[in-house]
Amino acid sequence: SLSALPSLAADDDWSLCPAPASYRAPQLHPNLPLGTLQAYADRLESQSINGQQRIILDGNVVLESHQEIVQADHADFDRNSGNMLLDGNVQMHSTEMDMYASSGSYSQSDGIGGFVDAQYQLRNTRGNGFASSIARPSAEVTVLDQAVYTTCAVPQPEWAIHTSRL
């Protein structure tokens, strides 16, 4: 459940919304070679159909690269394109953000993707919140629909911005 994600504390004194000290982001693996993807799951199946190489992962799925960790109950990964479909308890941890969602799609090769029913925590600030969907149409742009943003701990922040699109 994402309601347990607290906002991260900056070095400044945030008297309006003091952050709990219980949140610890997963450790990324910057020493993995660029383009390397390590995959772990309870069950893994490899398929090659018409030149398309797919890996189907089920149960406790973990995909690690040098810049992110993706976790889910189920993943369908296209080795040719780097695209993945994710379903169930989706988590994505990068250098910029930690996110939890019910489902999503993501391209390891270019960072483009989208997630549904998401909660996010920005790593370098106290910013966090919810969105009905998070789309990343390019590596430089992230769009949140039906979003809530705050620097306070959720689910009942002292203040929050509610917007149809951010």
Side-chain angles (χ1 to χ4, degrees), residues 1-11 19-41 44 55 57 59-155 157 160-161 163 165-166:
S1 168
L2 296 185
S3 62
L5 255 185
S7 56
L8 293 173
D11 290 335
S22 61
Y23 179 73
R24 187 158 173 80
Q27 183 67 36
L28 299 177
H29 300 282
N31 296 331
L32 283 176
L34 186 63
T36 298
L37 181 69
Q38 291 182 340
Y40 307 92
L44 184 140
I55 299 175
L57 303 106
N60 298 305
V61 175
V62 178
L63 302 162
E64 296 179 349
S65 71
H66 75 285
Q67 60 191 6
E68 63 212 6
I69 298 172
V70 177
Q71 296 172 279
D73 293 337
H74 174 83
D76 185 338
F77 179 69
D78 182 332
R79 291 186 66 181
N80 298 355
S81 66
N83 295 335
M84 59 183 85
L85 297 174
L86 306 159
D87 192 43
N89 299 307
V90 175
Q91 298 180 35
M92 181 172 186
H93 307 283
S94 70
T95 56
E96 296 92 27
M97 178 186 342
D98 293 310
M99 181 178 48
Y100 293 75
S102 60
S103 63
S105 62
Y106 183 71
S107 173
Q108 181 203 13
S109 58
D110 58 18
I112 292 174
F115 299 88
V116 177
D117 297 326
Q119 182 174 356
Y120 63 93
Q121 168 68 61
L122 303 178
R123 284 225 178 169
N124 297 323
T125 69
R126 295 172 53 94
N128 70 94
F130 302 89
S132 64
S133 67
I134 296 179
R136 192 159 188 201
S138 72
E140 297 81 28
V141 176
T142 302
V143 179
L144 288 74
D145 284 320
Q146 303 304 315
V148 174
Y149 173 86
T150 184
T151 58
C152 299
V154 292
I161 297 171
T163 182
R165 180 161 276 197
L166 176 64

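Values in this document were obtained by computation on a predicted structure and should not be read as measured data. No hydrogens, no waters, no symmetry mates; every other heavy atom, side chains included, goes into these values.
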Task: CG-OG distance between D117 and S133, expressed to the nearest 0.5 angstrom - done: 9.0 Å
TODO: Check whether any side-chain heavy atom of Y149 lies under 4.5 Å from a side-chain heavy atom of L144, and answer yes or no.
DONE: no
TODO: Determine the minimum heavy-atom distance between A118 and I134, stating which atoms define it.
DONE: CB-CD1, 3.6 Å
Open item on the list: Could you measure the distance from the CG atom of L86 to the CZ atom of F77? Nearest 0.5 Å is fine.
Closed with: 10.5 Å
- [ ] Might you point out which heavy atoms bring D87 and S103 nearest each other, and give the distance in Å?
- [x] OD1-CB, 3.6 Å
Open item on the list: To the nearest 0.5 Å, what is the distance between OH on Y100 and CG on N89?
Closed with: 10.5 Å
- [ ] For N128 and C152, indicate whether the former's side chain and the latter's backbone hold a donor-acceptor pair under 3.5 Å.
- [x] yes
TODO: Look at the side chain of Q91 and the backbone N and O of A72, then say whether any donor-acceptor pair between them is shorter than 3.5 Å.
DONE: no
Task: Close side-chain approach of I112 to R136, heavy-atom, < 4.5 Å - done: no
- [ ] Determine the minimum heavy-atom distance between Y40 and L57, stating which atoms define it.
- [x] O-CD2, 4.1 Å
- [ ] Using a 4.5 Å cut-off on heavy atoms from C-beta on, say whether the side chain of V143 contacts that of R165.
- [x] yes
Open item on the list: Counting C-beta onward and ignoring hydrogens, is there a side-chain heavy-atom pair between D73 and V61 closer than 4.5 Å?
Closed with: no
Task: Spatial distance of atom CE (M99) from atom NE2 (H93) [nearest 0.5 Å] - done: 9.5 Å
Open item on the list: Measuring from atom CE of M97 to atom CD of E68, what distance do you get when rounded to the nearest 0.5 angstrom?
Closed with: 11.5 Å
Open item on the list: Main chain of S94, side chain of R123: is a donor-acceptor contact present, judged purely on distance under 3.5 Å?
Closed with: yes
Task: Short side-chain donor-acceptor distance under 3.5 Å, S107 and N83 - done: yes
- [ ] Give, for atom CD of E64 and atom CD of Q71, the distance between the pair rounded to the nearest 0.5 Å.
- [x] 8.0 Å
Open item on the list: With a 3.5 Å distance limit and no angle check, can you tell me whether T163 reaches the backbone of A147 through a side-chain donor-acceptor pair?
Closed with: no
TODO: Taking the side chain as every heavy atom from C-beta outward, state whether D78 and D76 have any atom pair closer than 4.5 Å.
DONE: no
